[in-house]
Amino acid sequence: MTVQLFYASGASSMAPHIVLEESGLSYTANRVNLDRKIWAKGDYNKINPKSYVPTLILDDGTVLTECAVILEYLATRVDDHLIAPYQSPEYWQQRSWLNYIATELHKNFISPFRHGNWLPNTAESKKLVYQRVYSRLKFVEAQFGTGEPWLTGDQFSLADPYLFVMTNWLRRLNFGFEGLPNLQAFDERMRQRPSVQRVLIQEGKPHSLTDK
């Protein structure tokens, strides 16, 4: 039973890619060129008319989109170490973090770099991104103030790979971690995980800032 992941290097699809490596599930990874909307076998829009990643095709042919949904689905396919028991307080906390990252961080990171949304130059786009995301990152930073290693406590969960995409984008945009020591430590912990190291090697360098 094999699922198919469609990803772009360094994009939000890196999160489910990491979860797949963590899970041990059988999968194939298909790289997408988001600028040209193509993959190895042709028109990517025929796979996902939304024209972005990630996309996951299940064993039975069902197509899933949206990063947070795919993460939660994958977590249900593996042992409970990635997802809290359904409807437990911890489960709702995980869902809250997935939605916060998706709506408050992910979208604010990428919107100035979408085609059609370009500001006069990349420097202005980057400045706008920093203004939008820094206060939100400070909120996440405070959640690590109790010394817990992972976003929802002492256990690695499905929320952590998604947050890692955000800290990786901080690096890609050369923002650094000034005022965000807890997030920097989190980013470094993530990079020590074998699953993350394998994904970083598999995905290689992104084509451009638009590969988000």
**OP:** Kindly say whether Phe177 contributes a backbone atom to a donor-acceptor pair with the side chain of Gln184 at under 3.5 angstrom?
**Re:** no
**OP:** Please work out which of the three classes, parallel, tilted or perpendicular, describes the rings of Phe6 and Trp39, given edges at 30° and 60°.
**Re:** perpendicular
Subject >> Taking every non-hydrogen atom, the tightest pair across Ala159 and Leu98 >> reply: CA-CD2, 4.0 Å
**OP:** Determine whether Thr28 and Leu5 make a side-chain contact, defined as any pair of heavy atoms from C-beta on separated by less than 4.5 Å.
**Re:** no
Subject >> Donor-acceptor pair, side chain of Arg191 and main chain of Gln197, under 3.5 angstrom >> reply: no
Subject >> Least distance between heavy atoms, Pro149 atom then Phe144 atom >> reply: O-CE2, 3.7 Å
**OP:** Quick one: closest heavy-atom pair of Met190 and Asp160, and the distance?
**Re:** CE-O, 4.0 Å
Subject >> Pair Gln202, Glu21: side-chain N/O donor-acceptor within cut-off below 3.5 Å >> reply: yes
**OP:** Taking the side chain as every heavy atom from C-beta outward, state whether Glu72 and Arg95 have any atom pair closer than 4.5 Å.
**Re:** yes
Original post:
Can you find a pair of side-chain heavy atoms, one from Phe109 and one from Leu170, that are under 4.5 Å apart?
Top reply: yes
Subject >> Steps toward side-chain contact (heavy atoms from CB on, under 4.5 Å) verdict (Trp169, His106) >> reply: CA-CA 10 Å; Trp169 288 354; His106 185 171; 3.6 Å; yes
Original post:
Which atom names give the shortest non-hydrogen contact between Val53 and Ala11, and what distance separates them?
Top reply: CG2-CB, 3.8 Å
**OP:** For the pair Asn108 (side chain) and Leu105 (backbone), establish whether a donor and an acceptor sit closer than 3.5 Å, ignoring hydrogens and angles.
**Re:** no
Original post:
Should we say atom CD of Gln131 is surrounded by more than 12 heavy atoms from elsewhere, each under 6.0 Å from it?
Top reply: yes
Original post:
Shared ILVMFWY cluster between Val19 and Val69, side chains joined below 4.5 angstrom?
Top reply: no
Original post:
What are the two closest heavy atoms between Asp187 and Thr167, and how far apart are they?
Top reply: OD1-OG1, 2.8 Å
Subject >> Donor + acceptor pair across side chains of Glu22, Ser195 (<3.5 Å) >> reply: yes
Original post:
Hey, does Arg193 have a side-chain heavy atom less than 4.5 Å from the side chain of Arg189?
Top reply: no
Original post:
Is the backbone N or O of Ala8 less than 3.5 Å from a side-chain atom of Ser13, with the two atoms forming a donor-acceptor pair by type?
Top reply: yes
Original post:
If you measure from CG on Leu180 to NZ on Lys138, what distance do you get to the nearest 0.5 Å?
Top reply: 6.0 Å
**OP:** Determine yes or no for a side-chain-to-main-chain donor-acceptor pair under 3.5 angstrom, with Thr103 supplying the side chain and Asn99 the backbone.
**Re:** yes
**OP:** Look up atom CG in Asp43 and atom CG in Asn48, then write down how far apart they are to the nearest 0.5 Å.
**Re:** 11.0 Å
**OP:** Check the pair Arg77, Asp59 against side-chain contact (heavy atoms from CB on, under 4.5 Å), reporting the backbone distance first and the verdict last.
**Re:** CA-CA 12 Å; Arg77 291 281 298 267; Asp59 326 294; 3.2 Å; yes
**OP:** First locate atom CG of Leu56, then atom CG of Leu74, and finally report the distance between them rounded to the nearest 0.5 Å.
**Re:** 5.5 Å
**OP:** Might you point out which heavy atoms bring Cys67 and Pro54 nearest each other, and give the distance in Å?
**Re:** CA-CG, 3.9 Å
Subject >> Any side-chain heavy-atom pair of Gln94 and Trp97 under 4.5 Å >> reply: no
Subject >> Leu158 side, atom CG; Leu163 side, atom CG - distance, nearest 0.5 Å >> reply: 12.0 Å
Original post:
Going from CG on Leu71 to OG on Ser12, what distance comes out if it is rounded to the nearest 0.5 angstrom?
Top reply: 9.0 Å
Subject >> Side-chain (Lys126) to main-chain (Leu173) donor-acceptor, under 3.5 angstrom >> reply: yes
Original post:
Does Arg171 use its side chain to pair, donor to acceptor, with the backbone of Gly176 at less than 3.5 Å?
Top reply: no
Subject >> Contact check, side chains of Met14 and Val199, non-hydrogen atoms, under 4.5 Å >> reply: yes
Subject >> Check: Asn45/Ser51 side-chain N/O donor and acceptor closer than 3.5 Å >> reply: yes
Subject >> Flag, side chain of Tyr44 to backbone of Tyr52, donor-acceptor distance under 3.5 Å >> reply: yes
Original post:
Counting distance only, does the side-chain N/O of Gln4 pair as donor-acceptor with the main-chain N or O of Ile57 below 3.5 Å?
Top reply: no
Original post:
Quick one: does Phe175's side chain get under 4.5 Å of Tyr134's, heavy atoms only?
Top reply: no
**OP:** Determine the interplanar angle of the Trp150 and Phe156 rings, folded into 0 to 90°, and report it as parallel if under 30°, tilted if 30 to 60°, perpendicular if over 60°.
**Re:** perpendicular
Subject >> Ring centre gap for Tyr100 and Phe139 strictly below 6.0 Å >> reply: yes
Original post:
Angle class for the Tyr27/His17 ring planes (parallel below 30°, perpendicular above 60°, tilted otherwise)?
Top reply: perpendicular
Original post:
How would you list all residue pairs meeting salt bridge (Lys or Arg N to Asp or Glu O under 4.0 Å) that involve residues 46-56, not counting sequence neighbours?
Top reply: Lys50-Glu66
**OP:** First locate atom OG1 of Thr152, then atom CD of Gln93, and finally report the distance between them rounded to the nearest 0.5 Å.
**Re:** 5.5 Å
Original post:
If we only count heavy atoms from C-beta on, is the Val140 to Leu151 side-chain gap below 4.5 Å?
Top reply: yes
